[in-house]
Amino acid sequence: PHGGERPLMLASDSIELCGGCHSHEHGSRHPLGEETLDPRTGSPMTCLSCHGVHDAPYKMYLHADDDGDLCVGCHKEQLR
């Protein structure tokens with residue numbers, strides 16, 4: 001996966017790279033791509049918006065616990 005010139009030295013776009021093996025999850029749980037912006041960063045949503053490999057302490061390489069903390073990080077308005 002590494003050795004490319006993209007952010008994090010990825011060989012291809014993270015959606016494409018992750019989807020190569022995880023096609024059954026690819027976009028099934030959350031919209032991804034240029035049309036869906038991460039409200040925390042203003043960047044397009046990618047697999048790396050929620051998942052990390054080297055720095056994610058939670059199961060499934062998540063940046064936050066999937067008991068709701070991860071979703072609430074972006075979807076605060078929908079809880080009101």
Side-chain angles (χ1 to χ4, degrees):
H2 298 294
E5 295 183 15
R6 296 174 181 272
L8 304 176
M9 295 181 62
L10 296 179
S12 63
D13 173 72
S14 66
I15 297 170
E16 178 184 321
L17 183 66
C18 298
C21 294
H22 299 279
S23 60
H24 57 288
E25 289 104 349
H26 185 202
S28 64
R29 296 190 178 203
H30 199 284
L32 301 171
E34 298 291 327
E35 306 81 38
T36 306
L37 297 181
D38 184 335
R40 300 166 298 175
T41 64
S43 300
M45 285 295 292
T46 70
C47 303
L48 300 175
S49 298
C50 298
H51 297 274
V53 178
H54 303 293
D55 64 344
Y58 297 94
K59 64 181 179 178
M60 296 185 290
Y61 300 109
L62 293 171
H63 292 299
D65 199 345
D66 69 345
D67 67 357
D69 291 341
L70 183 68
C71 302
V72 171
C74 293
H75 296 281
K76 294 174 186 143
E77 294 298 319
Q78 292 148 339
L79 297 175
R80 294 182 184 177

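Members clustered with Leu70: Tyr58, Met60, Leu62, by chain and number, using a 4.5 Å side-chain heavy-atom cutoff among hydrophobic residues. The hydrophobic cluster analysis finds Tyr61 isolated: no Ile, Leu, Val, Met, Phe, Trp or Tyr side chain comes under 4.5 Å of it, directly or through other members.
Within the model, atoms CD of Glu16 and SG of Cys47 stand 11.0 Å from one another, a figure rounded to the nearest 0.5 Å. Here the straight-line distance linking atom NE2 of His63 with atom CZ of Arg40 works out to 7.5 Å at 0.5 Å rounding.
Checked by atom type and distance alone, the side chain of Ser49 pairs as donor or acceptor with a backbone atom of Thr46 at under 3.5 Å.
With sequence neighbours excluded, the residues that form a side-chain contact (heavy atoms from CB on, under 4.5 Å) with Ser43 are Thr41. Every residue meeting the side-chain contact (heavy atoms from CB on, under 4.5 Å) condition with Pro44, not counting sequence neighbours, appears here in chain and number order: Glu34, Leu37. For the side chain to side chain donor-acceptor pair (under 3.5 Å) test, no residue two or more places apart in sequence or in another chain qualifies with Asp65.
Considering only heavy atoms from C-beta on, Met45 comes within 4.5 Å of Cys50 through its side chain.
Legend: salt bridge (charged side-chain N to carboxylate O under 4.0 Å, His left out) pairs involving residues 45-54, not counting sequence neighbours: none detected.
In plain terms, the two heavy atoms of Thr36 and Pro31 that are nearest each other are OG1-CB, 3.5 Å.
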